[in-house]
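What you are looking at is a predicted structure, and each value in this text was computed from that prediction instead of being measured.
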Amino acid sequence: MAVFDIQKVGKDMITASKTSLGDKFTEAKPFAELSFKQLAQNLALITELRITNVIDDQKAKLHLDLYKSTVKINLLAIEGLGIIAVEEAINSALAVVKDSVNSTIGFAII
């Protein structure tokens with residue numbers, strides 16, 4: 001079902017988040033890996049649903065926002081990680097896959 005390489009997207013997002021998480025990355029790594037792999041899977045699902053016209057652009061964006069919130073909650077559970085670092089990690093992670101995802105889905109979801 002995936003229209004892009006979920007494993008690569010997940011790994012790219014994890015790598016991109018490393019700088020934003022700073023010295024807490026070692027502690028955050030298991031949570032970041034799981035969260036960003038799930039986000040990659042969810043991006044693939046959103047893309048598939050949008051391409052097949054099951055959902056429209058607005059619903060696709062709403063689903064992405066929901067899944068981003070899940071990543072944020074998972075990372076904020078780690079002691080010492082603040083909202084700014086978590087937001088930066090998510091933004092960095094999405095920035096590295098932005099062009100790939102947006103071109104696949106056919107509109108600027110990220």
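- Minimum heavy-atom separation, Gln41 to Ile6: CG-CG2, 3.7 Å.
- Considering only residues two or more places apart in sequence or on other chains, Lys29 meets the side-chain hydrogen bond (donor to acceptor under 3.5 Å, both in side chains) condition with none of them.
- Remark: Ile83 CD1 is packed, more than 12 non-hydrogen atoms of other residues, nucleotides or ligands lying under 6.0 Å away.
- In plain terms, the two heavy atoms of Leu21 and Ala85 that are nearest each other are CD2-O, 4.3 Å.
- The salt bridge (Lys or Arg N to Asp or Glu O under 4.0 Å) analysis of residues 10-22, with sequence neighbours excluded, yields the pairs Lys8-Asp12.
- The line from CG of Asn91 to CD1 of Ile110 is 10.5 Å long, rounded to the nearest 0.5 Å.
- Applying the salt bridge (Lys or Arg N to Asp or Glu O under 4.0 Å) rule to pairs touching residues 97-110 yields nothing, sequence neighbours excluded.
- At a threshold of 4.5 Å between non-hydrogen side-chain atoms, the residues Phe25 and Ser17 count as touching.
- For residues 72-87, the side-chain hydrogen bond (donor to acceptor under 3.5 Å, both in side chains) pairs, not counting sequence neighbours, are Ser35-Asn74, Lys72-Glu87.
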Pairs under 3.5 angstrom only: tabulate donor-acceptor contacts from the side chains of residues 57-65 to other protein residues two or more places apart or in another chain.
| from | atom 1 | to | atom 2 | distance (Å) |
| --- | --- | --- | --- | --- |
| Asp57 | OD1 | Arg50 | NE | 2.5 |
| Asp57 | OD1 | Arg50 | NH2 | 3.3 |

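- Hydrophobic cluster membership differs between Leu34 and Ile73, with clusters built from Ile, Leu, Val, Met, Phe, Trp and Tyr side chains linked at under 4.5 angstrom.
- Taking the side chain to side chain contact (heavy atoms under 4.5 Å, CB included) definition, one finds that Thr26 meets it with nothing, sequence neighbours left out.
- Distance alone, capped at 3.5 Å, places no donor-acceptor pair between the Ser92 side chain and the Ala89 backbone.
- Counting all heavy atoms, side chain and backbone alike, Ser100 lies closest to Ser103 at O-OG, 3.1 Å.
- In this structure, Thr19 OG1 and Glu88 CD are separated by 10.5 Å, a value rounded to the nearest 0.5 Å.
- Taking CG from Leu39 and CD1 from Ile46, the interatomic distance works out to 7.5 Å, rounded to the nearest 0.5 Å.
- Residues Leu81 and Ile78 have side chains in contact (heavy-atom distance under 4.5 Å, counting atoms from C-beta outward).
- Atom OH of Tyr67 sits about 6.0 Å away from atom CG of Leu45, to the nearest 0.5 Å.
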Verdict with supporting geometry, Leu94 and Lys68, side chain to side chain contact (heavy atoms under 4.5 Å, CB included): CA-CA 10 Å; Leu94 289 172; Lys68 284 170 39 179; 3.5 Å; yes
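- Between Val97 and Phe36 there is no side-chain heavy-atom pair separated by less than 4.5 Å.
- Shown here are the side-chain hydrogen bond (donor to acceptor under 3.5 Å, both in side chains) partners of Asn42, two or more places apart in sequence or in another chain: there are none.
- A distance of 11.0 Å separates CG of Leu75 from OG1 of Thr70, quoted to the nearest 0.5 Å.
- With sequence neighbours excluded, the residues forming a salt bridge (charged side-chain N to carboxylate O under 4.0 Å, His left out) with Glu27 are Lys24, listed by chain and number.
- Rounding to the nearest 0.5 angstrom, the gap separating the CD1 atom in Ile14 from the CD atom in Glu33 is 5.0 Å.
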